[in-house]
Amino acid sequence: MLMRTVLWLLLILVVTSEDEFTFDGFNNTNLSLDGIASISDGLLRLTNATRQTKGQAFYPIPFQFREKSSGRTLSFSTSFVFAIVSEFSDISTFGFTFCIAPTERLSGDLGQYLGLLNLKNDGNSSNHIVAVEFDTTQNPEFSDIDDNHVGIDVNEMRSLNSHTAGYFSNGDGKFNNLSIISGDPMQVWVEYDSGNMRFNITLAPLSLSKPNLPLLSSTINLSKIILDTMYVGFTASEGNILTTYYILGWSFKINGEAQPLNLARLPSLPRKTYKAKSKTMVIWLPISMSILVLATILVITHLVMRKKKFAEILEDWEQEYGPQRFTYKDLYRATNGFKDEGLLGAGGFGRVYRGVLPTSKAEVAVKRISHESRQGVRQFIAEIVSLGQLRHRNLVRLQGYCRRKGELLLVYDFMPNGSLDKFLFNQAAFGLGWSQRFQIIKGVASGLLYLHEDWEKVVIHRDIKASNVLLDSEFNGRLGDFGLARLYDHGTNPQTTHIVGTIGYLAPELTKTGKATKNTDVFAFGTFLLEIACGKRPIEPQRQGDDILLVDWVLEKWQKGAILETSDPRMGSEYVVEEVELVLKLGLLCCHPLAGARPSMMQVMQFLDGDVPLPELSPANLSAEVWASLQDEGFDNYVMLYFSSEGTMSFISEGR
Ligand SMILES: *[C@@H]1O[C@H](CO)[C@@H](O)[C@H](O)[C@H]1NC(C)=O
Ligand SMILES: *[C@@H]1O[C@H](CO)[C@@H](O)[C@H](O)[C@H]1NC(C)=O
Ligand SMILES: *[C@@H]1O[C@H](CO)[C@@H](O)[C@H](O)[C@H]1NC(C)=O
Ligand SMILES: *[C@@H]1O[C@H](CO)[C@@H](O)[C@H](O)[C@H]1NC(C)=O
Ligand SMILES: *[C@@H]1O[C@H](CO)[C@@H](O)[C@H](O)[C@H]1NC(C)=O
Ligand SMILES: *[C@@H]1O[C@H](CO)[C@@H](O)[C@H](O)[C@H]1NC(C)=O
Ligand SMILES: *[C@@H]1O[C@H](CO)[C@@H](O)[C@H](O)[C@H]1NC(C)=O
């Protein structure tokens with residue numbers, strides 16, 4: 001008898017623990033995530049401010065939704081807190097849903113399908129999907145009532161019942177609307193009573209307790225919809241307006257009232273930052289079919305004429321790069337037709353234009369590169385797109401690309417202060433002080449270190465120089481154009497590989513082997529250091545006679561004990577002697593003709609941060625002539641440099 005009671009108790013315990021859950025924040029929770037959904041800082045992010053994406057999150061274990069003995073559909077209830085944070089304060093796309101589904105991997109479409117259903121299965125009774133939608137766009141095809149509503153969807157996107165978002169006050173029963181895209185967290189209660197088939201949805205700001213009257217209350221017979229076991233979760237889709245859908249807390253229970261959330265324990269949202277909304281912003285709103293058909297006829301004639309102008313190449317294998325793909329038309333509009341007024345610069349890889357993207361109004365820099373061969377383009381694009389995932393504050397972010405016949409367009413973040421060489425070499429521009437220069441040096445070093453060591457694969461930049469360093473609004477140095485050099489040596493015969501890079505920055509071994517390595521990047525970085533400290537180009541053409549090589553000049557001055565004389569007079573007198581000396585000597589060390597003798601970027605960073613002192617350089621055996629002859633004759637003499645245990649550094653020069 002006692003045994004039986006204990007067994008019963010055990011059974012009840014197991015059953016209750018499988019019938020509900022409560023998450024006051026999502027730290028250390030095990031959810032089944034898909035798409036771009038992620039959990040961080042205790043928050044569940046269904047999407048993460050990335051255009052044309054979707055995300056879903058499901059509780060990983062399905063629930064028993066029907067009574068085993070009778071097959072009767074059970075009641076359920078859930079409560080959650082959400083927030084929709086859009087880049088603009090009053091517009092957002094598209095929305096999210098709470099849903100009950102037979103699987104934890106829904107193949108919902110982007111856009112108005114909210115990641116829940118797709119064009120093919122919308123309305124199919126074999127979906128077995130019940131959802132509560134929080135919809136922020138008005139889609140006439142689904143008879144949406146407005147662009148700020150809550151609806152009940154069963155197997156289709158067209159809601160059975162919907163209401164403008166808001167709540168009814170206790171007492172007077174007055175309706176108060178709420179803007180679900182306000183960015184403020186709001187709480188939702190969804191309850192289904194299987195006995196009288198009542199489906200209630202209630203919404204309220206966090207400051208209020210649950211209102212007595214639900215926002216929506218419908219009678220729905222779910223017995224044909226709900227299967228024996230079902231998953232519960234969320235889906236969301238994001239359009240061209242950067243929007244993050246957050247879930248802050250969530251509880252669920254079968255056959256009873258879901259645990260109230262402990263609001264005090266919920267994670268907090270990141271600080272809101274809105275872009276000023278532009279009044280002229282036009283967003284693509286769906287229009288009714290008839291207008292569409294009429295417009296299409298008009299537009300088609302127009303399009304046929306414009307087709308050639310905006311023609312681009314899009315092949316099947318590019319499908320997976322959808323989000324990184326820009327249309328030529330958007331870029332054409334953004335840059336005002338690639339007019340010369342918007343020209344930011346022209347370099348080895350092509351012309352760069354300033355632009356403003358039509359939908360997001362974000363400022364971008366668009367680089368137009370012409371390339372003849374189709375060879376290797378696919379691999380190159382795969383690489384470029386994967387480089388687009390690089391996130392570092394000292395790298396210029398690549399947003400995406402577009403491809404046309406013989407032409408590639410790359411879209412980068414716009415850098416308001418342009419490129420560094422303008423400030424170094426243009427006498428008209430104001431010079432940069434030492435502290436700014438030192439900050440730029442450290443920034444670029446850390447960006448390059450990231451490319452070399454910290455990302456999932458090693459990225460060789462191949463073209464480090466002052467004109468490839470861009471300055472953001474705070475004058476932080478950011479490396480641009482990484483990986484671009486690859487375009488020119490993909491698919492070519494190794495014997496005839498072109499050397500990519502810029503004269504004056506090319507390591508001696510690169511001119512022989514044509515093989516770019518981390519060491520050749522360090523060499524170019526060394527030249528870059530000298531460039532900044534001296535305010536001179538790596539090769540200064542002379543009116544009469546030989547051109548002056550910056551490296552040789554600094555080395556010569558240093559051997560005369562006057563290395564500081566090489567520093568840029570435009571910096572003024574306000575500089576830290578030790579730092580300037582460090583940068584000059586480090587520059588020389590990085591430009592060492594022997595690849596193996598150059599420090600790694602990790603060491604460079606340690607020297608610059610002062611964590612490890614730059615070993616005392618003793619140049620006794622090394623003259624500028626030796627250095628030069630090494631470079632010219634290709635190591636007939638070789639120089640070895642080593643760090644001795646005392647931390648001093650010496651050059652050993654030997655004849656062969
Ligand atoms: C998360 O849940 C899934 C499904 O039950 C399970 O396979 C997995 O091991 C769980 N992971 C962790 C870390 O608990
Ligand atoms: C995505 O989320 C992470 C935090 O997990 C954040 O650091 C990152 O900036 C987000 N990405 C975008 C594009 O907002
Ligand atoms: C509904 O979905 C089922 C299973 O996916 C499929 O066999 C059926 O053809 C679909 N019905 C309609 C009308 O599309
Ligand atoms: C509620 O609706 C009224 C009238 O439509 C509008 O003026 C007001 O701004 C709305 N309030 C919110 C919070 O959306
Ligand atoms: C749904 O709301 C109605 C009031 O409109 C209420 O009478 C009913 O008890 C509610 N049902 C559930 C399951 O909360
Ligand atoms: C609900 O639907 C099921 C299946 O169609 C039916 O058997 C049942 O009678 C319905 N319940 C009510 C109360 O109408
Ligand atoms: C979640 O964990 C992170 C560190 O992993 C911590 O900073 C944060 O405070 C935690 N949030 C909550 C709500 O516990």
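Side chains included, hydrogens not; waters and symmetry mates left out as well; all remaining heavy atoms used. Numbering starts at 1 and runs along the sequence shown.
- Side-chain atoms of Asn394 do not come within 3.5 Å of backbone N or O of Arg478 as any donor-acceptor pair.
- Remark: Met186 CE to Leu203 CG distance equals 6.5 Å, nearest 0.5 Å.
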Quiz item: Yes or no on side-chain contact (heavy atoms from CB on, under 4.5 Å) for Ser360 and Leu242, after CA distance, side-chain angles and deciding distance?
Solution: CA-CA 8 Å; Ser360 65; Leu242 301 181; 6.0 Å; no

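- Side-chain contact check for Leu160 versus Ser218: every heavy-atom pair is 4.5 Å or farther apart.
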Exercise. For the pair Tyr246 and Phe26, evaluate side-chain contact (heavy atoms from CB on, under 4.5 Å) and give the outcome as yes or no after the intermediate values.
Key: CA-CA 11 Å; Tyr246 294 100; Phe26 294 89; over 6 Å; no

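- The NZ atom of Lys54 lies 7.0 Å from the CG atom of Asp34; values are rounded to the nearest 0.5 Å.
- A donor-acceptor pair shorter than 3.5 Å can be found between the side chains of Thr47 and Glu238.
- Residues Pro60 and Leu31 approach most closely at CD-CA, 4.0 Å, considering heavy atoms.
- Looking at Ser223 and Thr73, their side chains never bring a donor and an acceptor atom within 3.5 Å of each other.
- Ser40 has its side chain out of reach of Asn48: every pair of non-hydrogen atoms, C-beta onward, lies at least 4.5 Å apart.
- Ring pair Phe142/Tyr113: centre-to-centre distance below 6.0 Å.
- Of the options Leu222, Asn255, Ile100, Asp228, a side chain to side chain contact (heavy atoms under 4.5 Å, CB included) to Phe65 is made by Ile100 and by none of the others.
- Side-chain polar atoms of Arg105 and Ser32 form a donor-acceptor pair below 3.5 angstrom.
- Judged as a ring pair (Phe, Tyr, Trp, His ring centres under 6.0 Å), and not counting sequence neighbours, the contacts of His392 are Tyr450.
- Looking at Asp153 and Ser159, their side chains do bring a donor and an acceptor atom within 3.5 Å of each other.
- Atom-to-atom distance recorded for Gln259:CD and Ser77:OG is 9.5 Å, nearest 0.5 angstrom.
- A donor atom on one side chain and an acceptor atom on the other are not found under 3.5 Å apart for Asp144 and Thr137.
- Not counting sequence neighbours, Tyr231 has no partner by the ring pair (Phe, Tyr, Trp, His ring centres under 6.0 Å) test.
- Thr229 and Pro62 get closest at one heavy-atom pair: CB-CB, 4.1 Å.
- A side-chain N or O of Thr78 and one of Trp250 form a donor-acceptor pair less than 3.5 Å apart.
- Annotation: the span from Ser237 atom OG to Ile36 atom CD1 amounts to 10.5 Å, rounded to 0.5 Å.
- Val188 has its side chain out of reach of Phe98: every pair of non-hydrogen atoms, C-beta onward, lies at least 4.5 Å apart.
- Salt-bridge formation is detected for the pair Lys210/Glu191: a Lys NZ or Arg NE/NH1/NH2 atom is positioned less than 4.0 Å from an Asp or Glu carboxylate oxygen.
- Nearest approach of Leu178 to Asn148, heavy atoms of both residues: O-ND2, 2.8 Å.
- In this structure, Asp330 contributes its side chain and Thr327 its backbone to no donor-acceptor pair below 3.5 Å.
- Phe63 places none of its side-chain heavy atoms less than 4.5 Å from the side chain of Leu74.
- Considering only heavy atoms from C-beta on, Trp189 stays 4.5 Å or farther from Pro214 through its side chain.
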Quiz item: Is there a side-chain contact (heavy atoms from CB on, under 4.5 Å) between Phe21 and Thr29 once you walk through the steps?
Solution: CA-CA 11 Å; Phe21 59 77; Thr29 53; over 6 Å; no

Quiz item: Are Phe234 and Tyr245 close enough, and set up right, to give a ring pair (Phe, Tyr, Trp, His ring centres under 6.0 Å), and what steps lead you there?
Solution: CA-CA 10 Å; Phe234 299 94; Tyr245 296 91; over 10 Å; no

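- The nearest pair of heavy atoms linking Phe168 to His163 is CZ-NE2, 4.0 Å.
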Exercise. Could you check Leu46 against Ile247 for side-chain contact (heavy atoms from CB on, under 4.5 Å), going step by step and ending with a plain yes or no?
Key: CA-CA 8 Å; Leu46 297 173; Ile247 306 291; 4.1 Å; yes

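- Partners of Leu470 under the side chain to side chain contact (heavy atoms under 4.5 Å, CB included) rule, at least two apart in sequence or in another chain, are Val396, Met415, Ser419.
- Contact of the Thr22 side chain with the Leu261 side chain is registered, since non-hydrogen atoms from C-beta on lie closer than 4.5 Å.
- Around atom CZ of Arg393, no more than 12 heavy atoms belonging to other residues, nucleotides or ligands sit under 6.0 Å away.
- Every ring pair (Phe, Tyr, Trp, His ring centres under 6.0 Å) that Tyr192 has, sequence neighbours left out, goes to Phe76, Phe199.
- Here salt bridge (charged side-chain N to carboxylate O under 4.0 Å, His left out) pairs that include residues 126-137, with residues two or more places apart or in two chains, number zero.
- In this structure, a donor-acceptor pair under 3.5 Å is absent between the side chains of Asn177 and Thr164.
- When the ring pair (Phe, Tyr, Trp, His ring centres under 6.0 Å) test is applied to Phe82, the partners found at least two apart in sequence or on another chain are Phe96, Phe134.
- Annotation: side chain of Asp41 is not in contact with side chain of Pro267 (no heavy-atom distance under 4.5 Å).
- Separating the OG atom in Ser251 from the CG atom in Asn262 is a distance of 11.0 Å, to the nearest 0.5 Å.
- In this structure, Leu269 CG and Arg271 CZ are separated by 13.0 Å, a value rounded to the nearest 0.5 Å.
- Under the 4.5 Å side-chain criterion, counting only non-hydrogen atoms from C-beta, Leu33 is in contact with Leu44.
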